[in-house]
Amino acid sequence: MNPSRPLGVLAALPEELGDLLATMRAESGVATRTLGQRDYHAGTVHGVPCVVTLARIGKVAAAATASALMHAFDVEALVFTGVAGGVGPAVRVGDIVVGETLLQHDMNAEPLFPRFEIPLLGRARFDADRALSAALADACERFVAEEGAALAGRFQTGHLPRVHRGLVISGDQFVASAQAVGALRAALPDALAVEMEGAAIAQLCHEYGVPCAVVRTISDTADEHASTSFTSFLTDIAGTYSTGVLRRFLAAYAAAAR
Ligand code: SAH
């Protein structure tokens, strides 16, 4: 960590930030700057200088916010936290997915470019930063080991949460039918989770050489029950997961810099 450059931490929705802003307020105070209808909150959280903001929903919103974090705040790296629909057969509600690779599932410029490829970049898949993702996965594993049994009881998911690492796919679509999630599974058999922002951020981070990592708690399984499951999960659970994972991740990030 370079203490002169902050870490950018973002989510789509306020619930997904957990207690991050409250912790910043208590630890260092918060300096807020508004740009493009978004509030960027600067301060220190668990010993790490951070700029925390809400990207809002979708790929354009996420890319614009990531760009502002890079250019107006000179962030050293970006971490995205939030919820997602489970796509992989072993991925269940209450599990956590760390996105090692990200892809935009609604990009299709055929026949000019292969399906999913981002025109002119020559690739469909963007890798998250290895070291950051490993540190994030480690924070998730410790969170699940320390709080998983209590969470499974409290939220009645019926199983201990698992941490998965692999492909996360993003598109400007809330996936909410067996047919839609089935089509994604058929086209991208290794996809673990679907959401609406991560791969846009990964593309920008690739283009600008800024390391990024994405962590998603599974709120639904992208089928007919997705919207009810998503809504109840977001209110009750998303914040608890983000709080538990980010606290461990940021404390380790600060310790590694000392
Ligand atoms: N109804 C919500 C909007 C939800 S959009 C509102 O009014 O605020 C869903 C958000 O959660 C997106 O940010 C996306 O990244 C994530 N997400 C969770 N489940 C998803 C799914 N099944 N498909 C796509 N995105 C999903």
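When a residue number appears, it is its place in the shown sequence, counting from 1. Read the numbers this way: they start at 1 and go in the same order the structure lists the ligands and their atoms. Because the structure is predicted, anything quoted here is derived from the model rather than measured.
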Student: Among all protein heavy atoms, pick the one closest to atom 20 (C) of ligand 1 and tell me residue, atom and distance.
Tutor: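 Scanning the protein heavy atoms, the shortest distance from atom 20 (C) of ligand 1 goes to Phe174 CE1, 3.4 Å.
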
Student: Side-chain contact test, heavy atoms from C-beta onward, threshold under 4.5 Å: evaluate it for Ser242 versus Glu15 and give yes or no.
Tutor: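 Side-chain contact under 4.5 Å: no.
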
Student: Write out the residue and atom name of the closest protein heavy atom to atom 1 (N) of ligand 1, then the distance separating them to 0.1 Å.
Tutor: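 Going atom by atom, the protein heavy atom closest to atom 1 (N) of ligand 1 ends up being Phe230 CE2, 3.9 Å.
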
Student: Between Ser170 and Glu195, do the side chains contain an N or O donor and an N or O acceptor separated by less than 3.5 Å?
Tutor: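 There is such a pair (donor and acceptor under 3.5 Å, judged by atom type) between the side chains of Ser170 and Glu195.
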
Student: Closer than 4.0 Å to some heavy atom of Leu13 - which atoms of ligand 1 meet that?
Tutor: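 Selected atoms, number and element: 8 (O).
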
Student: Which atoms of ligand 1 sit under 4.0 Å from any heavy atom of Ala12?
Tutor: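 Once the distances to Ala12 are compared, the set is 13 (O).
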
Student: Under 4.0 angstrom from ligand 1, any heavy atom of Ala176?
Tutor: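 The answer is no: ligand 1 sits nowhere under 4.0 Å from a heavy atom of Ala176.
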
Student: So if I apply the side-chain contact (heavy atoms from CB on, under 4.5 Å) rule between Leu184 and each of Gln179, Gln173, His105, which one comes out positive?
Tutor: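 It is His105, the one option of Gln179, Gln173, His105 that forms the side-chain contact (heavy atoms from CB on, under 4.5 Å) with Leu184.
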
Student: At less than 4.0 angstrom from any non-hydrogen atom of Ala222, what atoms of ligand 1 do you find?
Tutor: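 Result: 22 (N).
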
Student: Sequence neighbours left out, what passes ring-ring contact (aromatic ring centres under 6.0 Å, His included) with Tyr241? Give chain and number order.
Tutor: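 Checked Tyr241 against ring-ring contact (aromatic ring centres under 6.0 Å, His included); matches are Phe143.
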
Student: Among protein heavy atoms, which lies nearest atom 23 (N) of ligand 1, and at what distance?
Tutor: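 Of the protein heavy atoms, Val175 N, 2.9 Å lies nearest.
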
Student: So that I can tick it off, tell me whether Arg5 and Asp74 are bridged by a salt bridge, with the cut-off set at under 4.0 angstrom between side-chain N and carboxylate O.
Tutor: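 Result for this pair is yes, salt bridge flagged.
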
Student: Nearest heavy atom to atom 16 (C) of ligand 1 wins, so pick from Thr217, Thr231, Val87, Val83.
Tutor: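 It is Val83 that holds the nearest heavy atom.
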
Student: If we count only N and O atoms by modelled type, under 3.5 Å, do the side chains of Thr65 and Arg38 hold a donor and an acceptor together?
Tutor: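 There is such a pair between these side chains.
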
Student: Write out the residue and atom name of the closest protein heavy atom to atom 24 (C) of ligand 1, then the distance separating them to 0.1 Å.
Tutor: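 Scanning the protein heavy atoms, the shortest distance from atom 24 (C) of ligand 1 goes to Gln173 O, 3.3 Å.
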
Student: Are Cys140 and Val98 side-chain neighbours, meaning at least one heavy-atom pair lies under 4.5 Å?
Tutor: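 Yes; the side chains approach each other to less than 4.5 Å.
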
Student: Please confirm whether the ring centroid of His71 lies under 6.0 Å from the ring centroid of Tyr208.
Tutor: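 Centroid separation for His71 and Tyr208: below 6.0 Å.
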
Student: Among all protein heavy atoms, pick the one closest to atom 3 (C) of ligand 1 and tell me residue, atom and distance.
Tutor: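 Minimum-distance protein heavy atom for atom 3 (C) of ligand 1 reads Ile57 CD1, 3.5 Å.
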
Student: Measuring from non-hydrogen atoms of Ser219 to any atom of ligand 1, is the shortest distance under 4.0 Å?
Tutor: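 Right, Ser219 reaches ligand 1.
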
Student: Output yes when a side-chain donor or acceptor of Asp172 lies under 3.5 Å from a complementary backbone atom of Lys59, and no otherwise.
Tutor: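 Yes; at least one donor-acceptor contact below 3.5 Å.
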
Student: If we count only non-hydrogen protein atoms and require a distance under 4.0 Å, does atom 7 (O) of ligand 1 qualify as touching the protein?
Tutor: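 Protein heavy atom within 4.0 Å of atom 7 (O) of ligand 1: absent.
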
Student: In the protein, what heavy atom is nearest to atom 12 (C) of ligand 1, and what distance, to one decimal place, separates them?
Tutor: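 Its nearest protein heavy-atom neighbour is Glu197 OE2, 3.5 Å.
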
Student: Taking side-chain contact (heavy atoms from CB on, under 4.5 Å) as the criterion, tell me which of Val51, Val79, Ile201, Thr81 meets it with Leu10.
Tutor: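 Only one of Val51, Val79, Ile201, Thr81 forms a side-chain contact (heavy atoms from CB on, under 4.5 Å) with Leu10, namely Ile201.
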
Student: Hey, which atoms in ligand 1 end up nearer than 4.0 Å to a heavy atom of Asp220?
Tutor: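 So the answer, numbered in order with elements, is 18 (C), 19 (N), 20 (C), 21 (C), 22 (N).
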
Student: Out of all atoms in ligand 1, which are within 4.0 Å of some heavy atom of Arg216? Include the element for each.
Tutor: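 Those of ligand 1 that fall under 4.0 Å from Arg216 are 15 (O).
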
